Amino acid sequence: MHMKPSSVANPLYYLHNFHQLLDWVADRYADLLSHEEQHFITTFARLEEPSQALLVRLIMRKGPHFRADKLAYTEIGDIKGAAAPLIAMNWLQNDAQLDSNTLFSLLSRNELINLAHSAGHPPHARKAELQPWLQRQFPDGCGWAALGLETEVYSLALGALCDRLRLLFFGNLSQTWAEFVLVDQGIFRYPNIPIDRHSRGFHSRAAIDDYLAIHHSSDALEAGISALDVLAQLQPLHSDSTWLAQRHARLRFRLARQLEREGARQEAWDIYTTCNYPGSRLRRIRMLEQQADWSAAWALCQQPGSTATDDAEQQLIARAQVRLAGKLGLARPQPEITAETRTSSLTLPVVDTCVELAVSTHLHSPLSPVHFVENSLFNGLFGLLCWEALYAPMPGAFFHPFQSAPADLYQPDFVTRRQHLFEQCMARLNDGSYLTCIRQNRQQLQGLQSPFLDWRILRADLLESALHCLPAGHLQAIFQRMLADLRNNRSGFPDLIQLFPDKARYRLIEVKGPGDRLQDNQRRWLTFAAEHKIPVEVCHVCWESA
DNA sequence: ATCACCCTCG
DNA sequence: TTCACACATTCAA
DNA sequence: GAATGTGTGTCTCGAGGGTGATGT
Ligand SMILES: [Mn+2]
Ligand SMILES: [Mn+2]
């Protein structure tokens with residue numbers, strides 16, 4: 001099925017887009033829809049066009065409460081007439097119970113002053129000062145009508161249902177209805193991957209419910225709800241997707257972190273012991289350390305890792321072992337191998353830009369240009385070289401037209417599932433064909449959304465210069481490390497790259513201002529660079545005293 | 001009058 | 001409404 | 001030095017309007 005762009009200048013373009021989404025969902029996910037959702041889809045299509053349009057307008061807005069007198073859409077015309085069928089369906093309510101905060105935000109400051117004036121409030125109060133009065137006069141549960149104003153308020157009752165439809169279509173809740181029009185206008189451009197008719201983001205209703213539950217708990221945690229409360233309502237998974245298992249594990253890990261902060265140590269510990277997420281073991285080691293139970297902590301360090309882990313956790317565990325060996329009077333395992341990295345220092349006049357730019361301009365010369373690229377350059381080179389593998393139409397990887405990345409990008413088996421394709425891409429570094437591959441892909445993919453491609457950095461001249469100065473062997477080593485852990489090894493690259501085109505050489509520079517220190521992921525890249533003879537140095541900056 | 005912020009829209 | 005990075009505070013000797 | 005927490009700037013387009021808080 002193709003997404004037909006809404007015809008140019010169609011005043012009901014958004015309705016057209018909404019129909020596209022409903023058709024897509026009905027076509028592919030019919031077996032996962034509840035009766036209520038089925039009913040919505042079929043009944044919606046039978047409404048008069050103005051009513052459909054009004055409903056979609058409201059669905060796309062923040063809401064969920066709207067003052068009728070603020071709604072004006074020329075392509076719809078009579079709002080009251082369009083709303084009537086929606087109210088009859090109970091999709092809109094005009095008599096919802098509203099809490100006082102909602103009333104407060106629906107009223108303008110002037111209206112509030114007029115209401116409060118008769119009650120003897122000064123006419124120059126700030127809006128917030130009238131909130132307590134409103135709360136007393138119109139407590140939670142009042143209808144809008146109680147205020148005695150002319151206009152009605154419509155409350156959209158379809159929020160949860162529409163979230164589900166959006167989730168089914170996009171496979172996430174972060175993309176919105178606006179995607180369609182933004183793509184129509186070319187503001188967003190997504191990779192054009194053939195999508196199998198049977199490709200789906202979800203395969204069971206239980207998985208949808210799990211996603212929504214995780215999302216809900218995650219929101220609650222972000223909002224500062226007590227971690228014990230969040231824990232109490234968190235359920236085990238009802239589906240068996242590894243994708244959701246990972247999201248679930250990540251939520252539980254963050255929840256346990258928050259439990260620690262709130263002093264619920266036992267609950268946190270229990271989560272960590274059953275949470276297969278990188279960092280869980282380290283947290284338990286830290287907890288034991290805090291209790292001065294050094295032998296238990298030591299034992300946990302030694303215990304072979306059957307659980308998920310990553311380089312960051314291994315690095316922290318190694319440090320813990322050094323500390324613990326000291327406490328226990330054991331031989332130090334092996335001091336952390338801090339690679340020999342060149343360092344330099346600079347004293348610069350104070351500038352109003354960031355340190356990185358200051359060093360960049362200081363070192364810059366026409367024959368040895370410096371670029372502030374951080375992760376963008378190597379991510380970009382990698383993305384362009386390995387595009388065919390990253391965006392191969394593997395089963396389940398792409399299931400709607402607005403994906404900037406394959407759905408399983410951060411699954412542990414992402415690379416192995418595409419092993420052969422990645423080998424083909426990487427082999428291009430051995431026969432020189434990587435040059436044309438990267439050049440061509442840059443030209444053809446220009447502007448596409450991708451987590452690897454930052455088009456502000458990837459200009460043709462920088463790319464050419466970089467390809468000229470960076471030996472293929474270095475790229476190969478770097479890309480291999482990225483492939484080993486696409487999530488973690490995509491960051492931590494040095495701030496600057498200086499190119500010496502006439503010598504076909506380059507150097508990477510990590511800038512450190514006063515009081516800034518190397519982060520762990522930066523240190524891991526530095527260590528790796530030293531092992532592979534990749535030229536990199538750390539440049540410490542002090543400010544000239546005025 | 002001016003500014004900052006949020007929301008809407010295509 | 002994330003993510004990577006910089007910056008600040010506290011603790012242990 | 002290490003661990004941990006907090007800010008900060010990229011922020012998903014950019015124009016345009018409404019709103020409320022300032023200041024003169
Ligand atoms: Mn940096
Ligand atoms: Mn830096």
Side-chain angles (χ1 to χ4, degrees), chain A residues 5-6 8-17 56-58 60-63 66-67 70-75 104-113 124-130 172-190 215 218-219 222-223 250 254 257-258 260-261 279 282-283 285-287 289-290 292 312 315-316 318-320 322-323 326-327 335-336 338 353-356 372 374-376 379 402 404 410 447 449-451 454-457 487-495 510-523 541:
Chain A
S6 63
V8 183
N10 171 5
L12 292 174
Y13 72 92
Y14 55 90
L15 179 55
H16 176 265
N17 292 337
V56 174
R57 281 291 196 194
L58 300 187
M60 296 201 308
R61 289 179 52 170
K62 193 175 176 209
F66 306 91
R67 293 173 53 144
K70 303 281 181 191
L71 299 176
Y73 296 106
T74 55
E75 79 282 6
F104 180 75
S105 51
L106 285 170
L107 290 165
S108 77
R109 174 171 170 269
N110 279 337
E111 290 168 324
L112 207 45
I113 285 174
H124 292 299
R126 283 186 310 191
K127 194 184 179 192
E129 292 167 353
L130 295 170
N172 65 67
L173 286 176
S174 51
Q175 287 178 282
T176 68
W177 314 97
E179 295 281 335
F180 286 81
V181 67
L182 293 176
V183 167
D184 278 353
Q185 294 183 351
I187 293 169
F188 289 171
R189 291 180 52 227
Y190 289 100
H215 188 260
S218 195
D219 272 356
E222 293 281 325
R250 187 158 65 115
R254 291 211 314 253
R257 251 356 284 271
Q258 189 57 32
E260 273 191 88
R261 281 187 275 263
L282 176 83
R283 290 316 309 163
I285 292 167
R286 292 291 298 133
M287 289 181 78
E289 239 183 319
Q290 282 157 16
Q315 189 177 11
L316 290 165
R319 282 210 279 263
V322 174
R323 285 194 303 271
K327 297 286 186 189
E336 189 171 353
T338 308
T353 62
C354 56
V355 205
E356 292 87 348
F372 184 11
E374 248 169 17
N375 305 319
S376 304
N379 282 337
F402 308 124
S404 59
Y410 298 125
Q449 297 282 140
S450 163
D454 179 347
W455 294 107
R456 292 166 306 181
I457 296 292
R487 160 157 284 177
N488 290 308
N489 294 347
R490 239 176 49 191
S491 56
F493 289 98
D495 297 313
E510 171 55 38
V511 177
K512 286 297 164 197
D516 182 17
R517 281 188 290 190
L518 287 174
Q519 298 164 55
D520 283 350
N521 59 351
Q522 295 174 332
R523 293 166 52 145
V541 177

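Naming: A, B, ... by sequence-line order, numbering from 1 per chain. Just so it is clear, the model here is predicted, and its values are computed rather than measured.
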Identify whether any heavy atom of A:Leu107 sits under 4.0 Å from a base atom; if not, whether one sits that close to sugar-phosphate; answer base, sugar-phosphate or nothing.
sugar-phosphate

Between D:dT4, D:dC13, D:dT19, which one does the side chain of A:Arg283 approach most closely?
D:dT4

Reckon A:Arg456 touches a base, only the sugar-phosphate, or nothing at all at heavy-atom distances under 4.0 Å?
sugar-phosphate

With a 4.0 Å limit, can you tell me whether A:Arg517 has a side-chain N or O closer than that to the phosphate oxygens OP1/OP2 of C:dC7?
no

Residue whose closest nucleotide on DNA chain C lies nearer the 5' end, A:His215 versus A:Arg487:
A:His215

In Watson-Crick or G-U wobble terms, both distances under 3.5 Å, what is the partner of D:dG23?
none

Distance between P atoms of D:dT6 and C:dT2 (Å, rounded):
16 Å

Return the value, rounded to whole Å, for the distance between atom CD of A:Gln449 and atom P of D:dC13.
7 Å

Does D:dG5 have its OP1 or OP2 closer than 4.0 Å to a side-chain nitrogen or oxygen of A:Arg261?
yes

Does A:Arg286 place a side-chain N or O at less than 4.0 Å from the phosphate oxygens OP1/OP2 of D:dA2?
no

Rounded to the Å, how far apart are A:His124 NE2 and D:dG23 P?
16 Å

Counting just side-chain N and O atoms, does A:Arg323 come under 4.0 Å of either OP1 or OP2 of C:dA13?
no

Is any side-chain nitrogen or oxygen of A:Gln519 closer than 4.0 Å to OP1 or OP2 of C:dA6?
yes

Below 4.0 angstrom from OP1 or OP2 of C:dC5, is there any side-chain N or O of A:Asn521?
yes

With the side chain of A:Arg126 defined as its heavy atoms from C-beta on, choose the nearest nucleotide among D:dA21, D:dC13, C:dA4.
D:dA21

Is there a donor in the side chain of A:Ser218 and an acceptor in the side chain of A:Arg254, or the other way round, less than 3.5 Å apart?
yes

Can you identify which nucleotide, out of D:dT12, C:dA13, C:dC7, has its nearest atom closest to the A:Lys327 side chain?
C:dA13

Nearest-nucleotide pick for A:Phe188, side chain only, options being D:dT12, C:dC7, C:dC5:
D:dT12

Closer than 4.0 Å, any side-chain N/O of A:Arg257 to the OP1 or OP2 of D:dG5?
yes

Side chain A:Asn521, main chain A:Asn489, donor-acceptor under 3.5 Å
no

Would you confirm whether A:Gln175, through its side chain, and A:Phe402, through its main-chain N or O, come within 3.5 Å as a donor-acceptor pair?
yes

OP1, OP2 of C:dA6 versus side-chain N and O of A:Gln522: anything below 4.0 Å?
yes

Looking only at atom P, what distance separates D:dG5 and C:dA12, rounded to whole Å?
16 Å

Tightest non-hydrogen contact, residues A:Arg67 and A:Leu107, listed as NH1-CA, 4.0 Å

Regarding A:Glu356, tell me which of base, sugar-phosphate or nothing describes its non-hydrogen contacts under 4.0 Å with the strands shown.
sugar-phosphate

Can you check the A:Phe66 CZ to B:dC6 P distance for me, whole Å?
18 Å

Does OP1 or OP2 of D:dT12 have a side-chain N or O of A:Arg189 closer than 4.0 Å?
no

For D:dA3, take OP1 and OP2 only and decide whether either is under 4.0 Å from a side-chain N or O of A:Arg319.
yes

Using whole Å, what does the distance between atom P of nucleotide D:dT12 and atom CD of A:Gln175 come to?
14 Å

Is A:Arg523 close enough to D:dA2 that one of its side-chain N or O atoms is under 4.0 Å from OP1 or OP2 there?
yes

Closer than 3.5 angstrom, by distance alone: can the side chain of A:Asp495 be matched with the main-chain N or O of A:Val511 as a donor-acceptor pair?
yes

Base, sugar-phosphate, or nothing for A:Gly513, non-hydrogen atoms under 4.0 angstrom?
nothing

Of the candidate nucleotides D:dC13, C:dA6, C:dT1, which contains the atom at the shortest distance from the side chain of A:Asp219?
C:dT1

Using heavy-atom distances to pick each residue's nearest nucleotide on DNA chain C, tell me which of A:Ser174 and A:Val355 is more 5'.
A:Ser174

For C:dT2, the Watson-Crick or wobble partner whose two distances fall under 3.5 Å
none

Provide the distance between the two C1' atoms, one in B:dC6 and one in D:dC11, to the nearest whole Å.
16 Å

Report yes if a side-chain nitrogen or oxygen of A:Asn17 is closer than 4.0 Å to either non-bridging phosphate oxygen (OP1 or OP2) of B:dG10; otherwise report no.
no

Would you say A:Arg57's side chain and A:Tyr14's backbone share a donor-acceptor pair under 3.5 angstrom?
no

Pairing nucleotide - D:dT10, Watson-Crick or G-U, each distance under 3.5 Å
none

Quick check: closest heavy atoms across A:Glu289 and A:Ala320, and the distance to 0.1 Å?
OE1-CB, 4.4 Å

Can you tell me if A:Asn110 and A:Ser108 form a side-chain donor-acceptor pair at under 3.5 Å?
no

Taking the minimum atom-to-atom distance to the side chain of A:Ser108, which one of C:dC7, D:dG20, C:dA4 wins?
D:dG20

Here the pair of heavy atoms bringing A:Phe372 nearest to A:Cys354 is CE2-SG, 4.1 Å

How many Å lie between CD on A:Glu260 and P on D:dT4, as a whole number?
8 Å

State whether A:Arg61 places a side-chain N or O below 4.0 Å from either non-bridging phosphate oxygen (OP1 or OP2) of B:dT8.
yes

Which is true for A:Asp184 with a 4.0 Å heavy-atom rule: it touches a base, it touches only sugar-phosphate, or it touches nothing?
nothing

Euclidean distance, atom CH2 of residue A:Trp177 to atom C1' of D:dT12 [Å, nearest integer]:
18 Å

Separation of atom CD in A:Glu510 from atom P in C:dC5, rounded to whole Å:
8 Å

Between A:Lys62 and B:dC6, is there a contact of a side-chain N or O with OP1 or OP2 at under 4.0 Å?
no

Tell me which nucleotide among C:dC5, D:dC13, D:dA21 gets nearest to the side chain of A:Lys127.
D:dA21

Separation of atom CG in A:Asn172 from atom C1' in C:dT1, rounded to whole Å
13 Å

Base, sugar-phosphate, or nothing: which does A:Tyr73 touch, judged by heavy atoms less than 4.0 Å apart?
sugar-phosphate

